[in-house]
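As the structure lists them, so they are numbered: ligands from 1, and atoms in each ligand from 1. These values consider heavy atoms only, across backbone and side chains, with no hydrogens, waters or symmetry-generated copies.
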Amino acid sequence: MIRKLKIVIRGVVQGVGFRPFIFRLAKELNVNGWIINSSQGVFIEAEAERKTLEQFLNKIESDRPKNSYIQSFEQTWLDAEGFTDFEIRESLEAGSKTALVLPDISTCNDCLEEIFDPKNRRYLYPFTNCTNCGPRFSIIADLPYDRRNTTMGEFEMCPECMTEYTDPLNRRFHAEPTACPECGPQVTLTDNRGNILSEKHEAVHAAAEAIKKGSIIALKGIGGYQLLCDASNSDTVNTLRQRKRRSQKPFALMFPGTDTVITECEVSDPEYRLLTSVEAPIVLLKRKKNVQSKVAYECIYGNPYLGIMLPYSPLHHILMKELGIPVVATSGNISEEPICITEADAYGKLGDIADFFLVHNRKILRHVDDSIVRIAAGKEVMIRRARGFAPLPVVLKGIENFTVLAAGAHLKNTIAVNKGSNVFISQHIGDLENIESINAFKKVITDIENFYELKPEMVICDEHPDYISTKFSETLSLPLHKVQHHYAHVLSCMAENELDESVLGVSWDGTGYGSDGTIWGGEFIIPNGLKFKRAGYFKTFRLPGGEAAIHDVWKIGLSLLYDVYGKDVFKLQNIPLLKKKEAKTIKQLLDKNINSPVTSSCGRLFDGISAVIGINQQANFEAQAAMDLEFAADDYKTNDYFASTIDKINDAFVFNWHGIIKSIVADLAAGEKPGLISAKFHNTLAEVIVQIADKLHFEKVLLTGGCFMNKLLLERAVQRLKEEGYKVYTQQRIPAGDGGISLGQMKYASYLK
Ligand code: ZN
Ligand code: ZN
Ligand code: FE
């Protein structure tokens with residue numbers, strides 16, 4: 001099938017033969033479409049078979065003209081239009097000339113060479129950068145992007161730097177954050193109270209030595225502090241977990257180079273591209289089996305994936321070269337607060353966690369977390385969108401004539417503000433559960449508004465009355481519109497894929513406020529502008545104990561079983577959760593219907609089934625049980641699935657999971673392996689999508705919501721829908737989880753005209 005790939009490349013790509021290069025490449029590969037230059041970058045639309053387009057993508061990066069640089073590289077898969085030729089179109093200078101704030105860019109190869117060249121004046125200098133690389137978004141106070149408007153403004157350039165800065169032929173011509181050891185920022189190593197221990201390269205060296213000896217280091221990075229320690233040292237990793245009060249959530253890792261990554265993990269071509277891209281995100285990579293791992297069990301527990309990034313700033317490069325071993329590189333924050341960006345904050349909050357602090361005197365103006373991306377169903381899937389990607393806009397038609405603030409959701413919040421058709425989606429802000437995050441939320445809104453001198457005329461928020469983002473929106477005295485959570489997920493996916501309303505939206509997540517006041521989460525949605533139809537949903541069940549059930553997932557398991565078997569439930573064999581002491585008490589809670597809200601949540605069904613099978617009965621963090629269920633299926637390849645029933649209730653198709661529970665109980669009684677049961681369960685959900693799609697007669701099906709960050713579910717659903725002749729759409733540049741809600745809210749505004 002012919003697909004279209006939309007590519008936006010920003011960076012120095014003009015005047016170096018970039019357009020002719022793309023033209024030749026397109027001709028060589030028989031790709032049709034066009035390329036155009038504008039002040040905002042190079043835009044390409046390319047059509048061919050998927051495999052050819054993947055080749056095209058890889059070759060753009062590997063074979064591009066020697067003097068072309070790429071500061072960001074965005075790609076979106078769309079439906080083909082039927083181009084018959086490839087052409088270079090006239091440069092586009094009309095339209096918005098908004099100067100864009102670029103994301104922070106990883107160190108380029110030229111700068112790297114200088115840093116490790118003993119004869120170069122920037123030898124081992126951790127703040128080396130040039131026009132093609134370095135910090136941007138994290139240091140810009142205001143537009144235009146001039147040195148005086150960045151936190152580098154307080155460093156006066158030395159004559160040599162000034163010569164480079166003013167020479168149009170130099171790589172550092174107007175490189176705003178440029179610096180050298182003579183005139184720029186410097187690093188310092190301190191103890192956990194800020195007492196200076198060593199300076200400059202000696203500080204980096206000492207930090208590396210301390211890490212090797214088992215210390216925890218707080219490092220002031222690009223978009224905030226990170227906590228680093230030796231990933232192979234179980235004791236240190238455990239200490240870090242205790243001090244950070246982080247039970248079992250996997251830690252992100254930084255590896256010294258691609259060689260070490262390839263030794264540990266399976267790395268496909270697109271994964272390699274991502275890992276080494278200018279965005280340099282954390283990439284989730286499948287761990288190889290039977291290798292002597294350098295990563296301690298305590299870093300990730302049973303997770304078959306490692307979240308790995310490569311060094312992306314000179315400071316990281318120099319430190320990792322000294323170390324030569326993988327390190328834990330987790331956010332420098334406590335619990336779920338935003339990462340620390342100032343020394344005051346860092347010593348105050350991380351002083352009890354880190355033994356040493358590797359700090360410097362270049363200020364960070366805003367927190368920008370490390371982004372997380374994975375490859376699933378052959379495409380990039382954004383899990384957390386921040387450094388390297390934010391605040392680049394997503395183009396959305398229909399909102400050109402007014403300015404909207406989209407306040408996002410509650411968990412994994414992002415916000416969005418538009419200028420014309422450019423939608424600026426903020427970096428990941430986090431869960432709005434503590435005062436620090438709420439302050440960050442407000443600051444980010446002011447921040448984006450100030451940058452682009454925007455005054456929103458309208459605000460869009462979630463329908464949930466208790467969300468902080470909703471309550472905040474209500475205080476703004478602007479026209480306010482509320483969008484149902486799962487509809488916003490669907491709209492977000494439509495916006496990204498440039499789809500109109502003739503689609504079936506499958507919107508599955510852990511929780512969202514339903515239009516009937518109950519908790520939704522397993523929804524089939526037909527969009528219709530400002531309204532939508534809830535065409536299907538999961539048969540509801542109860543969450544005994546309410547919110548706490550996201551941790552006590554065995555209670556959800558019990559609730560599911562009780563729903564199916566009634567009072568006979570305790571006669572069932574081989575189900576460990578029924579032996580819990582509290583099980584009878586929870587049954588009474590259900591009988592009396594005390595604190596047991598009703599939900600149609602897909603995520604909670606995953607949790608409950610994970611508990612029923614005995615894979616995870618007590619989650620340490622939200623969705624852990626669901627993730628463990630996914631991982632358990634890892635080694636089981638099967639096409640088997642459980643029979644399921646679709647009931648028709650009041651014009652909606654209701655997925656009745658009772659039959660599945662009975663099949664699982666039978667499998668357990670027969671001694672079937674938990675992993676195989678899990679694989680069959682995943683397959684069953686894909687069949688449920690197909691069955692409901694078959695009843696609703698849409699050619700296009702889109703999959704969105706946090707549940708589709710489950711790679712197994714996503715890939716199986718995409719495969720089965722395609723086999724049945726459906727066109728399938730998924731989120732690409734924007735997270736399927738609640739980080740994507742703000743874009744959906746923005747899309748809603750486009751219907752408001
Ligand atoms: Zn550079
Ligand atoms: Zn200098
Ligand atoms: Fe959601």
Q.
Using the Zn ion (ligand 2) as the vertex, how large is the angle between SG of C161 and SG of C183, rounded to 10 degrees?
A. 110°
Q.
What I want to find out is whether R148 reaches E176 closely enough, with some N-O distance under 4.0 Å, to be called a salt bridge.
A. no
Q. By side-chain hydrogen bond (donor to acceptor under 3.5 Å, both in side chains), which residues pair with K412, not counting sequence neighbours?
A. none
Q. Are H174 and Y145 close enough that their ring centres sit under 6.0 Å apart?
A. no
Q. Looking at F538, does the NZ or CZ of R604 lie under 6.0 angstrom from its six-membered ring centre and within 45 degrees of the ring axis?
A. no
Q. Would you call E114 and R172 a salt bridge, using N to O less than 4.0 angstrom?
A. yes
**Q.** Audit row: R733, E279, salt bridge (charged side-chain N to carboxylate O under 4.0 Å, His left out) steps and yes/no
**A.** CA-CA 12 Å; R733 315 295 304 159; E279 291 87 0; 5.0 Å; no
Q. How many N, O or S atoms of the protein are nearer than 2.8 Å to the Fe ion (ligand 3)?
A. 4
Q: Work out the angle at the Zn ion (ligand 1) between SG of C130 and SG of C111, rounded to 10°.
A: 100°
Q. At the Zn ion (ligand 1), what is the angle formed between atom SG of C108 and atom SG of C133, rounded to the nearest 10°?
A. 110°
Q. Using the benzene-type ring in the case of Trp, are the ring centres of F653 and F524 under 6.0 Å apart?
A. no
